Every structure is written in structure tokens, then in C-alpha cells.
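These notes are about the structure you will find just below.
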Amino acid sequence: MPSLLEVNDVSVAFGGHRALDGVALSAERGQITGLIGPNGAGKSTLFDVICGLRKPLTGHVNMDGKDVTRSGPAQRARMGLARTFQRLELFGRLTVRDNLLVAAELGPERRRAGTFVDGIVDRLGLADVADECSDNLTTGMGRLVEVGRAMAAKPSLLLLDEPAAGQDPEETERFAVLLRGLADDGTAVLLVEHDMELVMNVCDQVFVLDLGKIISSGPPAVIRRDELVLAAYLGEQA
Ligand code: ADP
Ligand code: MG
């Protein structure tokens, strides 16, 4: 069976600047795949390419064995892709529950959207704030709501762009359990995150991007000791 997500030889240029240069990466069902690297490495740009918001100059994106390079974001969403954004993008004047309902009502669980959303709200520990406007939440909670909205679409491929930014340590710990649960349900999770403890704890595989190129990939234990990665990124973290 092919990987749920396969990215091959993807390049993107902004003017003369190569933001991505021949990037290859894959993500498997039931696994959490980490994507790490310094600011400006190209992580968010790669997410844009994977979800169809930006057409690459070269290369291909395959989902579930199908070439989706020319498909738009809506078509990829229908195929089971959901993402969150580095900058929080919630419907600020809707309640937490309604933010999730908007997504659920367009997804495969639309016939039982209410019950489905209640399950996610419980799973995220958001029951106490379910009727609050999302504008009133802390950043950490807002991030959880955004993850919840992505979950409400019941994705097979979930892209998370710095979901733990702004979470306190306790929230991050609960978040790690949630991510493992999603993977155990069979979801392929692709995680961009600067919290190295979280990445090293939850990921099955990690890809390291630097200046638009993948400089290393492998299980966390290997990445932690990779000299190139230490020089490019992890050194700066420590
Ligand atoms: P990361 O998410 O890893 O921090 P980005 O994908 O946001 O990196 O950015 C990669 C590079 O591309 C950076 O040099 C950034 O300045 C540049 N870049 C990103 N988006 C644009 C854009 N819309 N126009 C021009 N340059 C961009
Ligand atoms: Mg980014």
C-alpha cells in the first residue's frame, strides 16, 4: 500500500528565492510524522503545497496513491485532508462548538454532526468553554479549538502547523495524548512544531527542513544525534 501522503521533488520560488528545493517527504496512516527546522526553512510553504493553496514549480503531491498536484484545496479536503494554520484562524464571534460544527456539517459525519462535535469537545477537554465565543479564549485553547475544527472534518491526513505554540506545559502534555489517539485511530498526522520535547516524544518519523531542503529524516532517536541537524537547528534550540 502506498503512503497516505507522498511528496516528491517539490520546489517553490518566491521571486528569485527558492523557498523549497526538491523536497521529498511521506506520511503514513496511523503515524505522527514531524517536520522541523528553523524559521524560514519552508515548513508552512510546504503545507500550502500539500493542501493545494500553492502550486509547486516542480514536483508532485500524491494522496492515497493518487496524484493531486493539480487538484484544488476543496478537492483535497473532500479526499480527507485537513489542516490548521500557524496564525490562528478561528471564527472569532462563533462559539467553540459552532466553530467545530461548521466543519462537521461539511464532512463525512454531517448526518450526526452535533453528536460528533460533542465527542470532539470532550476529547479536547473543552466542555467548559463550548458555549464561549472563541475570541475570548487563551491562545493555547484557541489552538485546541483549531485542531478540533480540523478533527471535525474526520480527516485521514491532518496537517498541524505549530499547534502547541502558546500552550502551557500541562496543555501540551494533554495535547500529546490527543495526537497519539488520533494516530491510533488511523489518521496520518503531519506535525510542524518547535517544541522539541513534544516532537521527540510523539513522532514516529521526523523530517528536517533547512533552507528549503530536507537535510535529514528518521526516527526521533536518530534525528536527535544527527550532526547536520544539531548544527542547523537543534543546537540553536538548546
Ligand atoms: P517556515 O514555516 O519554515 O518558517 P515559510 O514557509 O513561512 O517558513 O517561509 C519560507 C521562506 O519563504 C522564507 O524565506 C519566507 O520569507 C519566504 N516566504 C514565505 N511566504 C512567502 C510569500 N508569500 N512571498 C514571499 N516570500 C515568502
Ligand atoms: Mg511556518
Side-chain angles (χ1 to χ4, degrees), residues 5-27 32-61 63 68-69 72-73 76-77 81-90 139-140 142-147 149-150 155 157-167 171-172 175 179 188-200 202-203 205-218 220 223-224 226 228-238:
L5 171 70
E6 272 171 12
V7 171
N8 276 309
D9 189 34
V10 160
S11 301
V12 167
F14 295 115
H17 171 65
R18 284 258 161 163
L20 294 174
D21 191 1
V23 168
L25 164 154
S26 57
I32 303 175
T33 304
L35 175 62
I36 63 172
N39 281 326
K43 305 178 297 294
S44 295
T45 303
L46 183 57
F47 269 20
D48 287 347
V49 169
I50 293 170
C51 77
L53 287 174
R54 186 171 294 285
K55 293 278 173 273
L57 199 61
T58 67
H60 292 274
V61 177
M63 261 185 83
V68 297
T69 316
R76 295 186 207 192
L81 187 153
R83 81 173 278 189
T84 66
F85 288 85
Q86 183 170 356
R87 231 190 66 217
L88 213 48
E89 308 254 4
L90 289 169
T139 310
R143 298 229 167 255
L144 277 185
V145 176
E146 216 191 359
V147 172
R149 193 175 54 186
L157 174 61
L158 177 58
L159 313 184
L160 301 173
D161 201 346
E162 302 196 20
Q167 287 183 353
E171 284 172 331
T172 305
F175 187 61
L179 288 182
V189 179
L190 184 59
L191 173 68
V192 165
E193 186 48 64
H194 283 296
D195 183 331
M196 276 312 106
E197 202 181 309
L198 175 63
V199 169
M200 296 298 173
V202 301
C203 290
Q205 294 289 325
V206 178
F207 289 81
V208 186
L209 194 60
D210 185 36
L211 299 173
K213 289 189 165 128
I214 298 288
I215 58 166
S216 185
S217 66
I223 295 300
R224 218 193 268 279
D226 186 310
L228 265 180
V229 179
L230 285 169
Y233 183 54
L234 291 181
E236 145 194 328
Q237 290 277 313

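Throughout, numbering of the chain's residues begins at 1 and tracks the sequence. This is a predicted model, so every value here is computed, not measured. Counting starts at 1 for both ligands and their atoms, in listed order.
Only protein N, O or S atoms were considered, and those under 2.8 Å from the Mg ion (ligand 2) are Ser44 OG, Gln86 OE1.
Contact annotation: the side chain of Asp161 never approaches that of Phe85 to less than 4.5 Å [non-hydrogen atoms, C-beta and beyond]. Looking at heavy atoms from C-beta onward, Ser216 lies in side-chain contact with Ile223 at the 4.5 angstrom threshold. Side-chain contact between Tyr233 and His194: present, with at least one pair of heavy atoms (C-beta onward) separated by less than 4.5 Å. Side-chain contact between Asp195 and Phe175 is absent, with no heavy-atom pair separated by less than 4.5 Å. Residues Leu25 and Leu46 meet the side-chain proximity criterion, which asks for heavy atoms closer than 4.5 Å.
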Would you give me the side-chain donor-acceptor pairs under 3.5 Å for residues 49-58, sequence neighbours excluded?
unit_1 : atom_1 : unit_2 : atom_2 : d
Thr58  : OG1    : Asp9   : O      : 2.8
Thr58  : OG1    : Ser11  : N      : 3.3
Thr58  : OG1    : Ser11  : OG     : 3.1

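Each salt bridge (charged side-chain N to carboxylate O under 4.0 Å, His left out) pair with one or both residues in residues 209-218, not counting sequence neighbours, appears once here: Asp21-Lys213.
A side-chain contact (heavy atoms from CB on, under 4.5 Å) with Pro163 holds for exactly one of Leu179, Leu191, Thr172; it is Leu191.
For the residue pair Thr84/Glu146, the side-chain donor-acceptor check at 3.5 Å is not satisfied.
Near ligand 1, residues Phe14, His17, Ala19, Pro38, Asn39, Gly40, Ala41, Gly42, Lys43, Ser44, Thr45, Arg54 each place a heavy atom inside the 4.0 Å sphere around the ligand atoms.
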